[in-house]
Amino acid sequence: MNEKPTVIEATGLHRHFSSQGVELKVLRGIDLHVEKGEMVAVLGLSGVGKSTLLNLLGLLDTPSAGKIFYHTEDRVIEASTLTENERAALRSRFIGFVFQFFHLLPDLDLLENVLLPAMVSRSSSDFRRERRQLEARARELIEHVGLTGREKQAPNTLSGGERQRVAIARGLMNDPALLLCDEPSGNLDSVTSEKIHRLFKTLSKTLGTTILTVTHDPYLAARADRRLTMVDGRFVKDQEN
Amino acid sequence: MRYHPFLTRRYLLRRVIPYAAVLGVAFGVFALISVLAVMGGFKDEMRERIRGSLSHITVVGGPQQGMVGEDLLLDEIGAVDHVEASAPFIESLAIYKSQGLDYCQLRGIVPELECEVGEFQRYVLRDSEIRNLRANSFASLPDDREPMLSSEVSEFFSIHRRRQMLRRLGNGTDESGFSGESPPQALIVGIEALRHYRLQLGEVVQLSSYSPVTLEPVVQNFIVTGAFQSGTYEQDLRWIYADIRAVQEFLDLWEDETGDSRISGIAVKIDDYRNASGVSDLIDKRIRKRIADDRDNPGAEILPDRPILVMTWEQQRSTLLQAVDIEKRIVATMMMLVIAFASGMIFLILTLMGIEKTRDIGVLRSLGATRNGVIRLFLGQGLLLCVSGVLLGSTLGWLLVENINAVHDGIYDLTGRRLFPPDVYYLSKIPAVLSWQDYLLVLVPTLSFGFLGSIIPAMWAAKRDPIEALHHE
Ligand SMILES: Nc1ncnc2c1ncn2[C@@H]1O[C@H](COP(=O)(O)OP(=O)(O)OP(=O)(O)O)[C@@H](O)[C@H]1O
Ligand SMILES: [Mg+2]
């Protein structure tokens, strides 16, 4: 097997929460290594710390101990060396999020929701200059998720599965090196989640997107390249499918 | 960042409450601007009224002793820099008897000099003007009315005029006891005294008072030969002008010991009122020096050592001026509450918006928006509301201030009521002047309140942990 470039790496990640004097050790030494184009599923019982891990990797949270390395095109960045603004910038360029509850902005239509990451990462003048390309990309992503022709629709008029597909398109808008998904099909019926699974598979094949997804769904896990199972704050199994 | 204007538009335009906030701020600004403009115009107008016929600077003697040495004083004062003219005057209370009894403030003046130091030539009325003003009791002289020449003013005190007026009411016959050869001295009375039928033109009036020199009662007949309108109601009712020499004779002001007649003071006009306090100091020093010099080496003419007081007109009327100023400040403070209220509305809207949009904020943060970016998003929204309100309110306020009298007439036509009755303040028009200081007084607090009302919810919104925000239901 030939060496593929690394996208993200974590060593010895700990995350402890202390509430009312009780220290809760959620993550207790996570090591992680994801290569480009891989689709990795993270499994584990409820409350084991999967979302916590995703938040750390997505720079929404900081670990109590341990290091996370982001392999961008030109250099390797260690998370703890970053300032608040650099973290935000890395979040917008390098990482895409897909949440269990979609989290679309109700005031924006479908196309605008997909364009939002481009708006966050660009100044008004840059956005205006690149507007055509960006809109074209958004429409292309909407086509990928199979919602062409519904660009002007408001999110609350979409079904759950459609909303999640919009959220996936949004997650891909800035062409992130890593797409982090927290139970993307957790809130959908089996037929719809099957569609979402297939979509992930196609995306990782056609667009070469690296996907790290937390899931309880055995079918989705089965489609991943690798499965990581978390028990007591550590990964116990690293199974290739 | 692009998402700022975009989300601002999406969050604000499709909701009703932000418009209400804009209207609230606009109303506050509008009300404050209008009130300040009217109060400002009113203040200027009242300043003129309060000043009335006071000259820039007045030099007066003590209340008991008055002043003597009129010619020496006029020379000394005239030699001070910036002094353009000076005129002696006498003031005294007197009681007049015509149909009934009433009291007046009698002022003895030198008519030509009075025209130089004050605006007497603007007040004294031509006979035709007297008729017009008596016909309409709220009328006042037009602003562009041609002032009289000082020779015309003097004419009202002349023997010719006095004889003419004496004949007019059928006096001057033998029974009346007045002869055309030596008619009584002239009085110029205020227009309100004529309007209220207390006095009439050509009437012979008996004045009585006490002489401050002899402390004996004095009585003398005068004849009303003219009228004036100063624009200050109290003056126009109570003041009566007469020739200073006639008043000196009437009040028995000759002092044997100094060999001179007393006067009450000297009115001074200077080139520019802004120099007033400096010039009044110079006048004070110069007169004191002259008194000291005369005491040390007496010459032919001696200025007796009596206390003098030199005052600018603002010093003379300081309490009234302050009262008008305070009135304006109180109203402005009250109006500020409206703006504070409107800013409170912005604060509430943004706070609620911050709560309602908690998940949006979480999403934006996860998409790479910084904390400062979120602050700017909310602050921008608040300031947009505030600035829109200010612009709208300023425009409306400006329109009202420019057209206030048309609006006032419109209200009168519709309702038949005058909000601003001309007789109360003696103003035929509502004065409205908006100075840029007043505008700043509106702008700075409004924008500060607006900023405060926006920055606090903005910080609250940005402070939220993005993970918690995403889980917000
Ligand atoms: N901010 C916090 N403060 C205290 N405890 C927390 C905090 N965030 C998470 N936890 C705790 O950490 C543990 C792991 O939470 P996490 O959300 O990562 O679980 P999960 O594996 O995603 O579970 P699920 O599959 O149900 O989503 C839970 O017991 C949770 O209560
Ligand atoms: Mg979870």
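Quick note on labels: first sequence line is chain A, next is B, and so on, each numbered from 1.
- Chain A forms the most heavy-atom pairs under 4.5 Å with one residue out of B:A369, B:G373, B:G362, B:S366, and that residue is B:S366.
- Ion pairing between a basic and an acidic side chain is recognised when a charged N comes within 4.0 Å of a carboxylate O; B:E468 and B:R359 show no such pairing.
- The contact between B:R10 and chain A is made by backbone and side chain atoms together, counting heavy-atom distances below 4.5 Å.
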Checking side-chain contact (heavy atoms from CB on, under 4.5 Å) for the pair B:C386/B:I346: CA distance, chi angles, key distance, verdict? CA-CA 8 Å; B:C386 187; B:I346 295 183; 3.9 Å; yes
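- A salt bridge links A:R129 with A:D126: at least one charged nitrogen is closer than 4.0 Å to a carboxylate oxygen.
- Residue contact with chain B, scored on non-hydrogen atoms closer than 4.5 Å, is absent for A:R87.
- Side chain of A:D182 to main chain of A:S51: no donor-acceptor pair is present (N/O by atom type, distance under 3.5 Å, no hydrogens or angles).
- Using cut-offs of 30° and 60° on the angle between ring planes, the pair A:F99 and A:F97 is parallel.
- Proximity to chain A is absent for every atom of B:R9, based on heavy atoms less than 4.5 angstrom apart.
- Ranked by heavy-atom pairs shorter than 4.5 Å toward chain B, the options A:L105, A:L108, A:D61 are led by A:L105.
- Listed options A:R170, A:E112, A:M173 were ranked by heavy-atom pairs under 4.5 angstrom with chain B; first place goes to A:E112.
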